[in-house]
**Q** 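This structure is in structure tokens; I'll ask about it shortly.
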Amino acid sequence: MSTETRSSAIGVGAILAVTQTDIKRLLAYSSIAHSGYMLVGLTAMTALAHSNDNNRLGFQEAALQGVLFYLAAYTLMNLAVFAVVVARE
């Protein structure tokens, strides 16, 4: 995955989120930005796969655990926020 793809996801998602007046669209565009952050972690994991470091497997596992933790936390928080938005409508 290229650096431009990750940067674009983060930048475009954040900029489009800021311009929204509808909370659901704001959360949707924010999700695009957050997917870029997760791609950074996955890229770190794959970059470590190609390194010659003896500890690369430990670092790869840590990178994957970090991405999975971020994904789980973000999913739970997003579900909670959407529940509040739907309840207030």
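When a residue number appears, it is its place in the shown sequence, counting from 1.
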**Q** Over all heavy atoms of both residues, which pair between S30 and A17 is shortest? Give the atoms and the distance, please.
**A**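 Minimum heavy-atom separation between S30 and A17: N-CB, 3.9 Å.
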**Q** What I'd like to find out is whether the side chain of Q60 reaches to under 4.5 Å of the side chain of Q65, using heavy atoms alone.
**A**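 The answer is no; the side chains never approach within 4.5 Å.
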**Q** How long is the gap from CG on D22 to CG on L26, to the nearest 0.5 Å?
**A**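 It comes to 8.5 Å.
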**Q** I'd like to know whether CZ of F82 has more than 12 heavy-atom contacts from other residues, nucleotides or ligands below 6.0 angstrom.
**A**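 Yes.
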**Q** Relative to each other, are the rings of Y74 and Y70 parallel, tilted or perpendicular (30° and 60° limits)?
**A**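 Because their plane-to-plane angle is under 30°, the rings of Y74 and Y70 count as parallel.
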**Q** If you compare all heavy atoms of A14 against all heavy atoms of A33, which two are closest, and at what distance to 0.1 Å?
**A**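 Shortest heavy-atom contact: N-CB, 3.8 Å.
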**Q** How many angstroms lie between atom NE2 of H34 and atom CG of L27, to the nearest 0.5 angstrom?
**A**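 Taking NE2 in H34 and CG in L27, the distance rounds to 9.0 Å.
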**Q** Kindly compute the distance separating OH (Y29) from OG1 (T19), expressed to the nearest 0.5 Å.
**A**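 So the OH of Y29 and the OG1 of T19 are separated by 7.5 Å.
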**Q** Under a 4.5 Å cut-off applied to non-hydrogen side-chain atoms, are I32 and V12 in contact?
**A**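 I32 vs V12: side chains apart.
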**Q** For I10 and V40, run side-chain contact (heavy atoms from CB on, under 4.5 Å): C-alpha distance rounded to whole Å, both residues' side-chain angles, the deciding distance at 0.1 Å, then the answer.
**A** CA-CA 10 Å; I10 294 169; V40 170; 4.2 Å; yes
**Q** If we only count heavy atoms from C-beta on, is the M38 to L71 side-chain gap below 4.5 Å?
**A**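 When only atoms from C-beta onward are counted, L71 and M38 do touch, with a gap below 4.5 Å.
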**Q** Might you point out which heavy atoms bring G36 and A9 nearest each other, and give the distance in Å?
**A**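 Distance-wise, the nearest heavy atoms are CA-CB, 3.9 Å.
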